[in-house]
Amino acid sequence: MNEKKAYRIFVDGEWREASGGRTYPVVNPATEEVLAHVPDASPEDMDRAIRAARRAFDEGPWRKTTPEDRARILRRIVDGLERRKEEFRHLLVANAGATYVTHYIQLDVAIRILAHYAELAVKFPFEEPLPPATFDNPMYPGVTSALLVRQPVGVCGLVPAWNFPLFLTLQKLGPALGAGCTVVVKPSPFVPLVDLTLAEIVAECDLPKGVYNLVVGESPELGARLVESPLVDKISFTGSAATGKKIMAAAAPTLKRVHLELGGKSAAIVLDDSQLDAWVMATSSPSFFHAGQGCAMCTRVLVPKRLHDTFTSKVVDFLRSTVRPGDPADPSTLLGPVIREERRRKIEEYIRSGEREGARLATGGKRPEDRPKGYFLEPTVFCDVRNTMTIAREEIFGPVLAILPFEDEEEAIRIANDSPYGLGGAIYASDTAKAIELAKRIRTGTVNINGGVTLLDAPFGGFKESGIGREGGIWSFYEYTEMQTIAWK
């Protein structure tokens, strides 16, 4: 990583220094070394970006582009990502602490998703006729024809989370640009290097000035300005439920559209032991895959009481023999660091709460002795967990797994649904048809059975405090458009 590289924000088609030339350091979570100094934008910088996006939407040539024009832009971004793929791989390791085992989603699927949005941009029904209507009203006799037009929603504030930075930015940027919106991207201050490098690619794609803007900085006021601005028509945010609630409140005075993809406390239900060893590996993955930093990960594992001790023992054996915290730059490493020291301290507080409240610590629970530098934690498993415990109720966002016993399927469904969240879930069973029927009773946006995963065309989002709206495939285009009816005699 080149510490001397001069990163800048991108506003109204130009690279700019942050106001006053302010910068802040970005660190490698595995080594605690400074990777780069990046712009620390001010609220005034954000205001300039918002005004640029507003002008570009209201007055610029972007509104006259066709879906084919916009698809070509997206394909050019895809080509740029492919050319610099190894550079992004290095950034994901160094800035996000992403181990190589996560790169299929972090990088490969992310690029594939943007290419898919380019395809959908030319297939999406931006205009379609409605059935003709006949009325007996003497003021309007005869047949009325009508056209349904899906207009771009307008200026969009895109606020991705830090855990899957490229994936989450492209998941928002693709349909926003494909639908004809203009955007202001405000990435997490923790992992800005991915978005700053992506901006270099976007800047080469001949977008009209102001269509795409990137503002980077540490101040919470940046996000507040974006959410509160009457010039912004929509906010798309991925992050915590607590922040999502603040966004809804701040967006209310302007009644702007809000899309929220928030947290989760998803449950994986193991119904039988027909493939227990395979299901042990699958269900234990939140204790090591990207250090448990994923909103849809099943961090509650529900197992029949008769299997509880055997299952726990197998999970512990697997983790102790296979998973050790290590350098994410080493392709053999499965468990990397969490993103920041303050996050590690918060996770350690959750671990202490689990012990205080009577859960049994089966393995882990501390910092690895052989990792004096970096924000590492051992893979941690609690068993004999009750669903009333803090570690079963709150999103920990770290390598911590809770194993809960249940008596029968009815209790398993009750436990799974007894959560303020409703984002993901999983069922592992020999009887797929039965598992599907049980899945329909789980109040979550997604339920995966026996490892089934959809990443391109399925809508992704949550019930309850896990959010509002859906991302993925054609469903994303609906999120970035408004419906207009045009009727004539």
Side-chain angles (χ1 to χ4, degrees), residues 241 263-273 276 279-289 291-320 323 335 338 344 346-366 377-429 438 442-444 447 464-466:
K265 195 67 183 177
S266 304
I269 302 174
V270 177
L271 292 181
D272 55 55
D273 59 355
L276 200 58
W279 294 343
V280 160
M281 289 188 285
T283 56
S284 64
S285 65
S287 63
F288 63 85
F289 187 84
Q293 300 170 124
C295 53
M297 291 182 178
C298 291
T299 53
R300 291 183 297 158
V301 180
L302 281 52
V303 299
K305 186 171 289 186
R306 63 182 176 82
L307 296 177
H308 175 273
D309 291 349
T310 299
F311 186 90
T312 300
S313 177
K314 285 180 173 291
V315 168
V316 170
D317 289 346
F318 168 70
L319 293 176
R320 288 178 177 173
V323 180
L335 174 58
V338 297
R344 179 169 66 179
K346 182 63 177 177
I347 296 164
E348 288 173 331
E349 289 176 13
Y350 277 115
I351 292 170
R352 289 192 292 270
S353 79
E355 293 177 305
R356 281 195 310 270
E357 295 175 18
R360 179 158 57 93
L361 182 62
T363 191
K366 61 184 187 297
L377 276 170
E378 292 179 337
T380 299
V381 177
F382 281 98
C383 60
D384 291 317
V385 177
R386 299 186 305 277
N387 205 47
T388 55
M389 294 177 177
T390 303
I391 58 171
R393 306 297 300 175
E394 298 184 13
E395 185 178 42
I396 298 175
F397 229 64
V400 181
L401 197 68
I403 300 177
L404 295 79
F406 64 84
E407 290 284 357
D408 54 31
E409 293 165 9
E410 291 299 319
E411 185 181 23
I413 297 297
R414 284 197 301 272
I415 293 172
N417 286 333
D418 182 15
S419 171
Y421 297 106
L423 187 56
I427 297 177
Y428 295 88
L438 289 176
I442 299 176
R443 298 279 295 165
T444 63
V447 181
K464 299 183 281 186
E465 292 189 18
S466 287

Inter-residue atom distance Arg306.CZ - Asp273.CG, 0.5 Å rounding: 5.5 Å
Contact summary for Gly263 and Tyr421, nearest pair of heavy atoms: O-CD2, 3.4 Å
Counterpart residues, salt bridge (charged side-chain N to carboxylate O under 4.0 Å, His left out), relative to Lys314 (two or more places apart): Asp277
Polar side-chain atom of Lys265 near backbone of Thr299 as donor-acceptor pair, under 3.5 Å: no
Atom pair CE/OG of Met297 and Ser285 - distance to nearest 0.5 Å: 6.5 Å
Minimum side-chain heavy-atom gap Thr380-Ser287 below 4.5 Å: no
Phe318 and Ser284, any side-chain heavy atoms less than 4.5 Å apart: yes
Gap separating the CE atom of Met281 from the CG atom of Leu276, nearest 0.5 angstrom: 10.5 Å
Intermediate values then yes/no, side-chain contact (heavy atoms from CB on, under 4.5 Å), Val303 and Ile269: CA-CA 6 Å; Val303 299; Ile269 302 174; over 6 Å; no
Which atom of Gly425 lies closest to which atom of Thr444, heavy atoms considered: N-OG1, 4.4 Å
Partners passing salt bridge (charged side-chain N to carboxylate O under 4.0 Å, His left out) against Arg443 (at least two apart in sequence or in another chain): none
Got a list of side-chain donor-acceptor pairs under 3.5 Å for residues 394-416, not counting sequence neighbours?
from	atom 1	to	atom 2	distance (Å)
Glu394	OE1	Tyr350	OH	2.7
Glu395	OE2	Gly264	N	3.1
Glu407	OE2	Lys305	NZ	2.7
Asp408	OD1	Glu410	N	3.3
Asp408	OD1	Glu411	N	2.9
Glu409	OE2	Lys434	NZ	2.3
Glu410	OE1	Arg441	NH2	2.8
Glu410	OE2	Arg441	NH1	3.1
Glu410	OE2	Arg441	NH2	3.4
Glu411	OE1	Glu407	N	2.6

Flag side-chain contact, heavy atom, 4.5 Å: Phe382 against Arg360: no
Nearest-0.5 Å distance that lies between atom CG in Leu377 and atom CD in Glu348: 5.0 Å
Results of salt bridge (charged side-chain N to carboxylate O under 4.0 Å, His left out) for Arg393 - residues two or more places apart only: Asp418
Qualifying residues under side chain to side chain contact (heavy atoms under 4.5 Å, CB included), relative to Ala296, sequence neighbours excluded: Leu423, Phe460
Sequence-distant partners of Thr283, side chain to side chain contact (heavy atoms under 4.5 Å, CB included), two or more places apart: Ala268, Val270, Val301, Phe311, Tyr428
Distance, nearest 0.5 Å, that separates CZ of Arg300 from CD1 of Ile391: 11.5 Å
Interatomic distance, Thr390 atom OG1 to Glu357 atom CD [nearest 0.5 angstrom]: 3.5 Å
Note, Pro420 side chain near Glu465 side chain (heavy atom, < 4.5 Å): yes
Lys346/Glu349 salt bridge by N-O under 4.0 Å criterion: yes
Minimum-distance pair of heavy atoms, taken over all atoms of Ala429 and Leu271: CB-CD1, 3.6 Å
Ser266 (side chain) donor-acceptor with Gly424 (main chain) under 3.5 angstrom: yes
